[in-house]
Asks: 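Input: one structure, supplied below.
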Amino acid sequence: MSEGAQSWDYPSHGPLSLEAVRRVHRPGERFRISPARHHPGESFSEISRAGRRYVLAGSCSFTQGNFVWELRAGQFADLPEGPFEFRVLDAGPAELVRVWELPPGFWSGQAEQGAVPDRGGM
């Protein structure tokens, strides 16, 4: 996974939105795609799978040890697995889309419905 904030490719994919993220991550059954909205000043600890975080609105940071990813609207980053401190940076809410690839056993669609719960956090 690449490090640091990257800019969304507007010319290729149009405006950054949940629908645009879903179009980029195909086929859909290979990925868990979860939108989230966080309030101004919100911060918390979480443990996450490796995956990509897109910022649709606002700004936020993810801190893991000495590494800090600060993301603003229109940016995304690939984050490694592990514990993070999350924080909303602006006076307004942060809207994110979290994406991670499901294990290969789920790609065929043979897994039971709901076998990979969406816990709302990453």
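Predicted model, so just to flag it, every value in this text is computed and none were measured. These values consider heavy atoms only, across backbone and side chains, with no hydrogens, waters or symmetry-generated copies.
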Asks: Looking at every heavy atom in both Ser7 and Phe76, which two are closest together, and how far apart are they?
Replies: O-CE2, 3.6 Å
Asks: If Ile, Leu, Val, Met, Phe, Trp and Tyr residues are connected whenever their side-chain heavy atoms lie under 4.5 Å apart, and connections chain through other members, are Val24 and Leu18 in the same group?
Replies: yes
Asks: Would you name the heavy atoms of Arg72 and Val55 that are closest together and state the gap between them?
Replies: O-CB, 3.5 Å
Asks: Find out whether Arg52 and Phe31 are in side-chain contact, i.e. whether some heavy atom of one side chain is under 4.5 Å from a heavy atom of the other.
Replies: no
Asks: Give me the atom names and distance for the closest heavy-atom approach of Val68 to Ser61.
Replies: CG1-CB, 4.4 Å
Asks: Look at the aromatic rings of His25 and Tyr54 and report parallel, tilted or perpendicular, splitting at 30° and 60°.
Replies: perpendicular
Asks: How far does SG of Cys60 sit from CD of Glu95, to the nearest 0.5 angstrom?
Replies: 11.5 Å
Asks: Quick one: do Leu16 and Ile33 end up in the same hydrophobic cluster if we chain Ile, Leu, Val, Met, Phe, Trp and Tyr together by side-chain heavy atoms under 4.5 Å apart?
Replies: yes
Asks: Please answer: with hydrophobic residues joined when any side-chain heavy atoms are less than 4.5 Å apart, are Leu89 and Phe44 in the same cluster?
Replies: no
Asks: Could you list the residues that satisfy salt bridge (charged side-chain N to carboxylate O under 4.0 Å, His left out) with Glu70, not counting sequence neighbours?
Replies: none
Asks: Name the orientation class of the two ring planes belonging to Phe84 and Phe62 (parallel below 30°, tilted from 30 to 60°, perpendicular beyond 60°).
Replies: perpendicular
Asks: Give, for atom CZ of Arg53 and atom CD of Gln75, the distance between the pair rounded to the nearest 0.5 Å.
Replies: 15.0 Å
Asks: Using every non-hydrogen atom in the two residues, find where Asp78 and Gln6 come nearest and quote the distance to one decimal.
Replies: OD2-NE2, 3.9 Å
